[in-house]
Amino acid sequence: MKKSNAQTDRIVKVLDLLQASGLEPVPGLEFASPWQLLVATVLSAQCTDVRVNMVTPALFAKWPGTKELAGATQGEVEQMIHSIGLFRNKAKSLVAMAKRLQADFDGEVPGRREVLESLPGVGRKTASVVLAQAFNVPAFAVDTHVGRVCTRLGFSPSPDPKVTETALTAILDSSRWALGHLLLVLHGRRTCKARKPACNSCPVEKLCPWPDKSV
Ligand code: SF4
């Protein structure tokens with residue numbers, strides 16, 4: 001457990017208030033295995049979860065696992081995911097990722113950060129999402145929403161993913177990282193939006209020191 005201090009008490013209050021406000025902290029991406037979550041998370045970069053969820057059922061039906069996807073061509077995968085942003089790069093990464101997992105890990109997705117981050121197309125945020133949501137390994141994933149919200153709320157000195165992760169994991173107990181990530185993402189999408197945060201209807205407005213609140 002983290003020692004209690006003012007910042008720890010405040011982030012816990014913020015998360016409790018966000019949860020009490022009705023946000024449902026469940027993953028937006030649909031998946032039934034670590035492999036499916038890994039693929040969906042790679043596809044979700046600069047793309048909505050809704051769009052990814054429209055594409056993945058057909059993708060997983062055609063190529064159920066690493067063995068099948070490793071045998072696909074990049075062009076075939078591009079055709080399947082062409083409605084998703086950056087589809088060419090993502091198709092290339094998915095096929096290379098499947099081949100690597102087949103070659104080195106018997107086709108399984110390992111629940112280890114250093115291996116996940118060594119896979120094509122997988123960065124720290126994707127690895128953190130997979131570790132937290134598929135393996136129950138404590139990890140605090142920072143995307144653009146989490147970075148922005150944590151900065152406005154005064155928990156991080158900057159929205160930079162690494163800076164935000166370091167700041168939040170220092171004040172928040174690891175048992176709350178996965179839930180905290182989901183709540184902060186949802187709050188950033190629905191209320192604390194990039195251009196015009198809806199501060200008037202924000203459930204944590206009284207705990208927020210952001211000087212440029214909308215009125
Ligand atoms: S008060 Fe405004 S800036 Fe602060 S967390 Fe809420 S929406 Fe974001």
Side-chain angles (χ1 to χ4, degrees), residues 1-31 37 40-41 43-53 85 113 123-215:
M1 291 285 281
K2 297 278 176 203
K3 272 192 199 159
S4 185
N5 62 35
Q7 282 291 67
T8 299
D9 292 346
R10 201 163 62 87
I11 181 78
V12 168
K13 268 188 208 148
V14 163
L15 295 180
D16 287 348
L17 283 170
L18 290 179
Q19 193 160 13
S21 75
L23 291 183
E24 283 188 48
V26 292
L29 295 170
E30 292 165 2
F31 64 96
L37 179 59
T41 309
L43 291 176
S44 71
Q46 294 179 45
C47 181
T48 64
D49 291 352
V50 172
R51 167 70 56 191
V52 173
N53 290 339
R113 178 180 291 285
R124 187 168 181 88
K125 190 210 85 179
T126 295
S128 294
V129 168
V130 172
L131 287 171
Q133 294 177 12
F135 293 101
N136 230 2
V137 171
F140 187 79
V142 179
D143 67 0
T144 176
H145 299 293
V146 174
R148 179 179 71 253
V149 171
C150 288
T151 304
R152 285 176 175 169
L153 279 162
F155 295 125
S156 174
S158 119
D160 174 81
K162 193 74 190 95
V163 172
T164 302
E165 181 182 336
T166 302
L168 264 287
T169 53
I171 58 172
L172 191 61
D173 189 79
S174 60
S175 63
R176 290 181 182 262
W177 291 352
L179 180 72
H181 162 80
L182 292 169
L183 287 168
L184 292 166
V185 169
L186 287 172
H187 182 55
R189 281 181 186 158
R190 295 185 189 173
T191 305
C192 194
K193 297 180 181 180
R195 289 216 179 129
K196 195 171 190 307
C199 302
N200 282 340
S201 58
C202 175
V204 296
E205 192 272 339
K206 288 191 168 48
L207 294 171
C208 177
W210 181 243
D212 298 324
K213 286 180 193 168
S214 57
V215 288

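Using a 3.5 Å distance cut-off with no hydrogens or angles, the side chains of S128 and R113 do pair a donor with an acceptor.
The shortest non-hydrogen separation linking S44 to D49 is CB-OD1, 4.2 Å. Contact detail for C47 and V52: the closest heavy-atom pair is SG-CG2, 4.0 Å. Shown here for H145 and R148, the closest heavy-atom pair between the two residues is ND1-NH2, 3.0 Å. Between T41 and L37, the shortest heavy-atom contact is OG1-O, 2.6 Å. In terms of heavy-atom proximity, P203 sits nearest to L17 at O-CD1, 3.8 Å. Taking all atoms of both residues into account, the shortest heavy-atom contact from F140 to W177 is CD1-O, 3.5 Å.
In this structure, R10 contributes its side chain and L153 its backbone to a donor-acceptor pair below 3.5 Å. With hydrogens and angles disregarded, no donor-acceptor distance shorter than 3.5 Å links the side chain of E165 to the backbone of A139. Proximity of a side-chain donor or acceptor of K125 to a complementary backbone N or O of P161 within less than 3.5 Å is not detected. Using a distance-only test at 3.5 Å, with no hydrogens or angles considered, no donor-acceptor pair links the side chain of D173 to the main chain of T8. A donor-acceptor pair under 3.5 Å is absent between the side-chain atoms of K13 and the main chain of L207, judged by distance alone.
At least one side-chain heavy atom of P197 sits less than 4.5 Å from a side-chain heavy atom of R152. Residues V204 and L18 meet the side-chain proximity criterion, which asks for heavy atoms closer than 4.5 Å. A heavy-atom distance below 4.5 Å is not found between the side chains of F155 and L172. By the 4.5 Å heavy-atom criterion applied to side chains, P159 and T144 are not counted as neighbours. Between H187 and L183, every side-chain heavy-atom pair lies at or beyond the 4.5 Å cut-off. Put simply, the side chain of L29 does not reach to within 4.5 Å of the side chain of V129, judged on heavy atoms. Looking only at side-chain heavy atoms (C-beta outward), V185 and V149 stay at 4.5 Å or farther from each other.
Using a cut-off of 4.0 Å between Lys/Arg side-chain N and Asp/Glu carboxylate O, D16 and R176 are scored as salt-bridged.
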Legend entry - side-chain contact (heavy atoms from CB on, under 4.5 Å) evaluation trace for T48 with N53: CA-CA 9 Å; T48 64; N53 290 339; over 6 Å; no
Legend entry - side-chain contact (heavy atoms from CB on, under 4.5 Å) assessment of V142 paired with L168: CA-CA 10 Å; V142 179; L168 264 287; over 6 Å; no
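Within 6.0 Å of CZ in R124 there are more than 12 heavy atoms belonging to other residues, nucleotides or ligands. Residue D212 places its CG atom among more than 12 non-hydrogen atoms of other residues, nucleotides or ligands, all under 6.0 Å distant.
Atom OG1 of T191 sits about 9.5 Å away from atom CG of L186, to the nearest 0.5 Å.
Evaluation of the side chain to side chain donor-acceptor pair (under 3.5 Å) rule for S156 yields T164 as partners, not counting sequence neighbours.
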